[in-house]
Protein chains: 2
Amino acid sequence: MKSSRSLGHVTPQRAHFDAPLQLASGTTLAAFDLVYETYGNLNAARSNAILICHALSGTHHVAGTYEGDPRSTGWWDNMVGPGKPVDTERFFVVGVNNLGGCHGSTGPSSLDPATGRPFGARFPFVTVADWVNAQARLADHLDIPRFAAVMGGSLGAMQALQWSLSYPGRLGHAIVIAGAPSLSAQNIGFNEVARQAITTDPDFHGGDYYAHGVIPERGLRLARMLGHITYLSDDAMMEKFGRELLGERPRFSLDVEFEIESYLRHQGDKFAERFDANTYLIMTKALDYFDPAAQAQGNLSAALAAARAKFLVLSFTTDWRFSPGRSREIVKALLDNSLSVSYAEIESTQGHDAFLMENEDYFAVMNAYLERVAREVGA
Amino acid sequence: MKSSRSLGHVTPQRAHFDAPLQLASGTTLAAFDLVYETYGNLNAARSNAILICHALSGTHHVAGTYEGDPRSTGWWDNMVGPGKPVDTERFFVVGVNNLGGCHGSTGPSSLDPATGRPFGARFPFVTVADWVNAQARLADHLDIPRFAAVMGGSLGAMQALQWSLSYPGRLGHAIVIAGAPSLSAQNIGFNEVARQAITTDPDFHGGDYYAHGVIPERGLRLARMLGHITYLSDDAMMEKFGRELLGERPRFSLDVEFEIESYLRHQGDKFAERFDANTYLIMTKALDYFDPAAQAQGNLSAALAAARAKFLVLSFTTDWRFSPGRSREIVKALLDNSLSVSYAEIESTQGHDAFLMENEDYFAVMNAYLERVAREVGA
């Protein structure tokens, strides 16, 4: 075992892009900012960079903490740092907040230069491919001709897959964790309930709640409560909460009765404080729209023919949001194209959330695979 | 095959009960009404009655239609009628709207005799055991000493199981379809999201929306949309809706984009028009509280020791709301008590909703089992 430690203090940076960005929707974004963080050092050959793509509610703040805020640990700190699977002593790691986000990159709460007011609902819908195009601009800005690997979990996994299609020559490996080649009808259904919760909240004001000095807190809360149920497995919830009551006996009221209710309400409240509702809508729509096979009459194998990267695909046994079967669809399509694919289905009780958790098998696979990536690029 | 046909016109009836009903919560209901329907004829021995218990959003209107309203077919019309599995030419069938309901039985929208205003949020929470006690009063009223069978699906299955514990001498068979011995944490979580959607709707007014001339439509809509996702299997949704767009191409807006979104919104809208929000809260809480094992330190086998009925337990392979594993828990506990149990796990792609659908294997089992019940009671 290598010994691992925390990155320590990290600092976000900002890049401004002046050249217009053409979006899949047909709209053009005249200019935009991306907020990002980097950890470790780019080697002389500029060959050791790894791009980490975030999921629905993630950010550019992948690892480390901010000075003066010891509780500000990055969302994938267990995976990224000195001596960790994504070893910042060997790799130059880039985390970026996606377009449409609410953590510094240009998004619905940014001021629209055309009006001087927040974009709100006028911020264009963006797709996974749009994000990848914006990330490629950031790679240019950082003078990274080719990533050793692009990786992510969930919606982040979709970005890693899209990189292999949009810029096949600009990545060595795509690491696709707890992903899917598209959402199922059930996935879209859950997203739609979340969106309806937000847009029918009277405080949504058609997306212009900024001007009204309110946020659609009720809707965001419901969206997050629902999300959390789908991130956990039924078994994990039973293990963690079971049917435990908060009190000694049922109170027969609408107050919190069971532990699980308390947990969900708390998660909902926290999320509503920190996340922008318009961003939530944009992120869930990006999920819905992702479907590379659609460009090839539904034939995923044909759609992935452009890929040149090597692939690591990982799924988790109790993930019912993006089940192992969805990862196997990707693996099969890659194999149909005679691409190099490693696949592992990791035993876990943690459901979809497993991709964020430390798990011996998972981390062993990641360590071994990234060791190989490091060797290939001389890191 | 016997030939089956529709019951034709049916008429609801109402029974008033003056003796106070003690509820599990400690509250007493001074008096109450139950609305019910009956089909077929009670035989001279009064031995051929079958009680049908409804699920979350069901009613006493199980089969047949109302005169002048040809679209008013009962919710289990495929199961109940002349020549159907629950053959109304042999059985006397009773359907009843549960206490707390919104289809005629005393519930939150009824006038509280103490105030002359709707009960609203002051209507007491009721449990499955409370319902069974109220149903037993109806049996007394109809002079039915013992049911040939008590049956139901989902929350109705819980009532059938509870009958075998509360009144072991008053039923010959319990038919427990797509049921569970208790909700899982995930089940409770979904219910809680639905309840929070309703109670945080500004039009809920703490349950007194009747007085404000509004209904918490947004919340009810969300509750029902979410419910529908959990009633269907992922596969059934893919089969029925897939990723089909409503239009030719994505519109990149918050309007309905996919067929599944359109379906869910439509279901939500319809439900909000016809169902009372306070009743929805009461029904979901009854589900949450149901847990016979809790009275025996979590030991379901010990909890079911009181049962004397014979059992038919049915589950459906793709039901993930109440999975076959939950039915098997019931079967195991019944077998631990050396009770007579028939169990079948029916192949179906329809998820939890399968209990309401015609399915050859399912109906064959029901026909065979009810044939036996009929023979036993000389019907």
Side-chain angles (χ1 to χ4, degrees), chain A residues 23-27 121 124-125 127 182-193 195-197 199-202 207 218 221-222 225-226 228-229 232-234 237-244 250-254 256-261 263-265 268 281 285 288-289 291 294 320 323, chain B residues 23-27 121 124-125 127 182-193 195-197 199-202 207 218 221-222 225-226 228-229 232-234 237-244 250-254 256-261 263-265 268 281 285 288-289 291 294 320 323:
Chain A
L23 302 175
S25 64
T27 308
F125 285 99
T127 66
S182 65
L183 294 202
S184 68
Q186 186 190 74
N187 295 147
I188 296 173
F190 281 126
N191 279 348
E192 174 65 0
V193 175
R195 282 191 295 265
Q196 288 287 306
T199 59
T200 66
D201 185 327
R218 286 171 288 244
R221 234 179 129 248
L222 292 169
M225 290 174 76
L226 178 52
H228 264 279
I229 300 176
L232 296 171
S233 70
D234 196 7
M237 286 177 93
M238 272 316 265
E239 252 173 53
K240 197 165 168 184
F241 308 105
R243 294 183 45 86
E244 289 305 310
R251 283 180 283 202
F252 294 101
S253 82
L254 289 173
V256 166
E257 190 80 279
F258 294 93
E259 295 277 4
I260 178 62
E261 296 172 307
Y263 170 80
L264 292 175
R265 289 192 194 185
L281 299 176
K285 290 295 269 186
D288 288 7
Y289 290 131
D291 186 10
W320 61 279
S323 70
Chain B
L23 303 176
S25 64
T27 308
F125 285 99
T127 65
S182 65
L183 294 201
S184 69
Q186 185 188 75
N187 294 147
I188 295 173
F190 281 126
N191 279 348
E192 174 65 1
V193 175
R195 283 191 295 264
Q196 288 286 306
T199 59
T200 66
D201 185 327
R218 286 171 289 244
R221 235 179 128 247
L222 291 170
M225 291 174 75
L226 179 53
H228 264 279
I229 299 176
L232 296 171
S233 71
D234 196 7
M237 287 178 91
M238 271 317 264
E239 251 172 55
K240 197 164 170 184
F241 308 104
R243 295 182 45 85
E244 288 306 309
R251 284 180 282 203
F252 295 102
S253 81
L254 289 173
V256 165
E257 190 80 278
F258 294 93
E259 295 277 4
I260 178 63
E261 295 173 308
Y263 170 80
L264 292 175
R265 289 191 194 185
L281 299 176
K285 290 294 271 187
D288 287 7
Y289 289 132
D291 186 11
W320 61 279
S323 70

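All values derive from a computational prediction rather than experimental measurement. The chains referred to below are lettered A, B, ... by the order of the sequence lines, with proteins before strands, and numbering in each begins at 1.
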Is chain B contacted by the side chain of Glu257(A), its backbone, both, or neither, given a heavy-atom distance below 4.5 Å? side chain
Toward chain B, the part of Phe190(A) with a non-hydrogen atom under 4.5 Å: both
Euclidean distance, Asn191(B) CG relative to Ile229(A) CD1, rounded to 0.5 Å: 9.0 Å
Can you measure from CZ (Arg243(B)) to CD1 (Ile188(A)) and round to the nearest 0.5 angstrom? 4.5 Å
Relative to chain B, which of Pro250(A), Ala294(A), Ser182(A) shows the most heavy atom pairs under 4.5 Å? Ser182(A)
Which one of Ile260(A), Val193(A), Asp234(A) has the most heavy-atom pairs closer than 4.5 Å to chain B? Asp234(A)
Heavy-atom pair of closest approach, residues Ala185(A) and Gly242(B): CB-O, 3.4 Å
Tell me, out of Val256(A), Asp291(A), Thr27(A), Leu264(A), who's got the most heavy-atom pairs with chain B below 4.5 Å. Asp291(A)
Counting heavy-atom pairs under 4.5 Å to chain B, which of Glu261(A), Met238(A), Met225(A) comes out on top? Glu261(A)
Per-residue contact mode, Asp288(A) against chain B (heavy atom under 4.5 angstrom): both
What part of Leu23(A) gets within 4.5 angstrom of chain B, counting heavy atoms only: side chain, backbone, both, or neither? neither
Tell me, for Thr200(A) versus chain B, whether the close heavy atoms (under 4.5 Å) come from the side chain, the backbone, both or neither. both
Heavy-atom proximity to chain B below 4.5 Å, by part of Leu254(A): both
Is there a side-chain contact between Ser184(A) and Met237(B) in this structure, where contact means two heavy atoms from C-beta onward sitting under 4.5 Å apart? no
Residue list, side chain to side chain donor-acceptor pair (under 3.5 Å) with Asp201(B), at least two apart or on another chain: Arg218(B)
What is the distance from atom OG of Ser233(B) to atom CD of Gln186(A), rounded to the nearest 0.5 Å? 8.0 Å
Measure Tyr289(A) against the heavy atoms of chain B and call it side chain, backbone, both or neither at under 4.5 Å. both
Thr127(A) meets the side chain to side chain donor-acceptor pair (under 3.5 Å) criterion, sequence neighbours left out, with Asp130(A)
Minimum heavy-atom separation for Leu226(B) and Leu226(A), please, with both atom names. CD1-CD1, 3.5 Å
Could you tell me if the side chain of Arg265(B) sits less than 4.5 Å from the side chain of Glu192(A), heavy atoms only? yes
For residues Phe252(B) and Phe125(A), report the shortest heavy-atom separation together with the two atoms involved. O-CD1, 3.2 Å
